[in-house]
Amino acid sequence: MTETFYVTTPIYYVNGAPHIGHAYTSIAADVVARWKRLQGRDVFFLTGTDEHGQKVEKAAQDAGLEPQAFTDRIAAEFEAMAATCGISNDDFIRTTEPRHKAACAALWSKLVESGDIYLGHYEGWYAVRDEAFYAEDELATNVHGVRVAPTGAPVEWVREPSYFFRLSAWQDRLLAFYEAHPDFIAPHAQHREVLSFVRGGLNDLSVSRTSFRWGVEVPGDPDHVMYVWLDALTNYITAAGYPDESAERWRFWPANLHMVGKDIIRFHAVYWPAFLMAAGLPVTHRVSANGWWTVEGEKMSKSIGNVIEPAALIAEFGLDPVRFFFLREMPYGNDGDFSRKALISRLNIDLANDLGNLAQRSLSMIARNCGGRLPSMPGAPAHADQAILDHARDLVTLVGTAIDRQAFHEALEEVWRVIRAGNGYIDHQAPWALKKIDETRMGEVLRVLAEVIRIVATVLQPFMPESMGRMLDQLGVQPDARSLAVLALPMADGTLLPPPHGIFPRFVAEAVC
RNA sequence: GGCGGCGUAGCUCAGCGGUAGAGCAGGAGAAUCAUAAUCUCUUGGUCGGCGGUUCAAAUCCGUCCGCCGCUACCA
């Protein structure tokens, strides 16, 4: 039986339109999903939208719509974003779907049965304007003698009934879990922050609200709706069929990887494993947090007005260059900066000059000097032939281990070392000179290059599916021969190749007036 | 306040105990198959400051300076 692999994006909160932060996380998860498929794994890749909560209720009101109509609209935008970004998700889950509400209710009942949910009271200083509770020591008294939050909003003492999750009881078991699974939280800095947070002690978590209605109703107590994070996190098991553990998709649980933004690491690394353990379910293997994108060195925000929409970006530069840029430019565990200059530089130098041109110069020589047929491999490979072939073949392992650590930029850097070596190889071997003195050797050199490009294009498919598909087309590699396993087999000598066409045109900036 | 991260060539970063590295940018040369793309060589750093440990420190320890993150709900 084929080994399964279950990878998720976060479900995106529908209180605003998709931006490059959402697109980035989805593309990163997509690369993992596509890589695992290339490895031959049985992959389930999930994305979707988180549609409940007071903020959504309010955003709907502001838009003059019923919450469901509002979320239908925004959810459609996120589905469109997935399509625009070439996301290969196997399902798209919305938390307003009946299957999800059923899963939430089932999980809730399970947690009640296990004694991990109890009814109590939530009370504290609440600022209506901020929709947030504040601790006593955060408050100040203003000139009118009114108690106010740090934001200046007046607060009032609120006491409402609430269900609680007995999170405090899970501290030791969580710490034991982290110890037993040192790779559960990535990157390392996030791991430490979570650990320090849990070591600092955990309070029971309020998991229901009575102050608004837009949520999943608590079973047996319709005055309450579930806390949005309990609702939201459950999506990962809903899509696997929960509570039906005989469901066809249940074989994918536990998930292998939740890709998330660094702002929601805690929910995934603390609450989620606690909920799962309390429900007697196995815990996801790994939660990996990515950083933020700044734009031209500045924080991306609506007020600055520098929010970048993925669709516009892709329309201008093309999908694959944008995917490549995101994954190459964001160093694992850090924030990344988005700038037009950097994007154009990556497109022209890395894609057009290095990779595109390597393929074009190699393939056009085969087209013109070998009758467009793939020449034979060297009978006795020269040292230089063997060196670059070995280097290229190592990519399968190097890229694979980097992707397993979500170190996408390292994976790409490894591939580019081979591409640069390819350009060095062709220059040193100078097949255009060999043409006049040793046509057999010229053919061998071109075949080595074809082999290297084939490996490069194969391992880059998850990053740039469409353009690498075209590159493999030009190498005469059949669509069913593009997995990592097939790389072990040589291409067929004499294969007739289609005429080569440039894959990555240079981006020429419009003339500045 | 507590916990943690970062500070290395103009820029983005790797190295984390043993004669300072990569990519990009800059300079010189070569080549001409190719999307005027490529290749080779090269300029450039007292590795934030100061002290300590060590035969030897970007690399370990202390301290100071400067950024940044987390400290219960925006990817």
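Chain identifiers are assigned alphabetically (A, B, ...) following the order of the sequence lines, protein sequences preceding nucleic acid strands; residue numbering begins at 1 within each chain.
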Sugar-phosphate only, base, or nothing, as touched by A:Arg368 at under 4.0 Å among non-hydrogen atoms: sugar-phosphate
Closest to the A:Pro331 side chain, choosing from B:U35, B:A22, B:C13: B:C13
Separation of the C1' atoms in B:C3 and B:C41, to the nearest angstrom: 49 Å
Donor-acceptor contact present, side-chain A:Thr9 to main-chain A:Thr25, <3.5 Å: no
Mate of B:C39 where both pairing distances stay under 3.5 Å, Watson-Crick or G-U: B:G29
Sugar-phosphate only, base, or nothing, as touched by A:Ile265 at under 4.0 Å among non-hydrogen atoms: nothing
Proximal nucleotide (of B:C33, B:C3, B:A72) relative to the A:Met365 side chain: B:C33
Short side-chain N/O contact from A:Lys55 to OP1 or OP2 of B:C74, under 4.0 Å: yes
Salt bridge flag under 4.0 Å for residues A:Arg405 and A:Asp183: no
Spacing of the P atoms in B:C61 and B:U54 (rounded, Å): 16 Å
Nucleotide-resolved protein contact map, nucleotides 37-44 of chain B, B/S/- at heavy-atom distance under 4.0 Å: SBSS----
Touch class at under 4.0 angstrom, heavy-atom based, for A:Pro10 against every strand present: sugar-phosphate
Watson-Crick or G-U wobble mate for B:C24, both contacts under 3.5 Å: B:G10
Check against side-chain contact (heavy atoms from CB on, under 4.5 Å), A:Arg361 and A:Trp432: CA-CA 11 Å; A:Arg361 65 200 301 211; A:Trp432 47 90; 4.1 Å; yes
A:Arg199 vs B:G2: side-chain N/O to OP1/OP2 distance below 4.0 Å: no
Interatomic distance at P, B:A28 relative to B:C65, whole Å: 46 Å
Glycosidic class, syn or anti, of B:A25 using a 90° window around 0: anti
C1' atoms of B:G15 and B:C6, separation to the nearest Å: 15 Å
Whole-angstrom distance between B:C73 and B:C16, as gauged at atom P: 38 Å
Touch class at under 4.0 angstrom, heavy-atom based, for A:Tyr13 against every strand present: nothing
side-chain contact (heavy atoms from CB on, under 4.5 Å) assessment of A:Phe408 paired with A:Arg328: CA-CA 7 Å; A:Phe408 305 103; A:Arg328 179 65 185 76; over 6 Å; no
P spacing across the pair B:G26 / B:G10, given as an integer number of angstrom: 15 Å
Distance-only donor-acceptor test (3.5 Å): side chain A:Glu193, base B:G5: no
Separation between the C1' atoms of B:U12 and B:G52, rounded to whole Å: 33 Å
Partner nucleotide, any strand, of B:C47 [Watson-Crick/G-U, under 3.5 Å]: none
Sugar-phosphate only, base, or nothing, as touched by A:Trp293 at under 4.0 Å among non-hydrogen atoms: base
Closest non-hydrogen atom pair, A:Glu414 against A:Leu398: OE1-CD1, 3.6 Å
For A:Pro378 against A:Asp385, the heavy-atom pair lying closest together: CG-OD2, 3.6 Å
A:His268 side-chain N/O to A:Ile264 backbone N/O, donor-acceptor pair under 3.5 Å: yes
Among B:U35, B:C73, B:A72, the one nearest A:Phe504 by side-chain distance: B:U35
Pi-cation contact, A:Tyr24 with A:Arg323 (under 6.0 Å, within 45°): no
Complementary nucleotide of B:C67, counting Watson-Crick and G-U pairs under 3.5 Å: B:G5
Electrostatic pair A:Glu444:A:Arg441 at N-O distance under 4.0 angstrom: yes
Rounded distance in Å between the C1' positions of B:U42 and B:G21: 16 Å
Sugar-phosphate only, base, or nothing, as touched by A:Gly21 at under 4.0 Å among non-hydrogen atoms: base
Nearest to side-chain heavy atoms of A:Arg266, which nucleotide of B:C70, B:U32, B:A34: B:C70
Watson-Crick or G-U counterpart of B:U59, or none if no pair lies under 3.5 Å: none
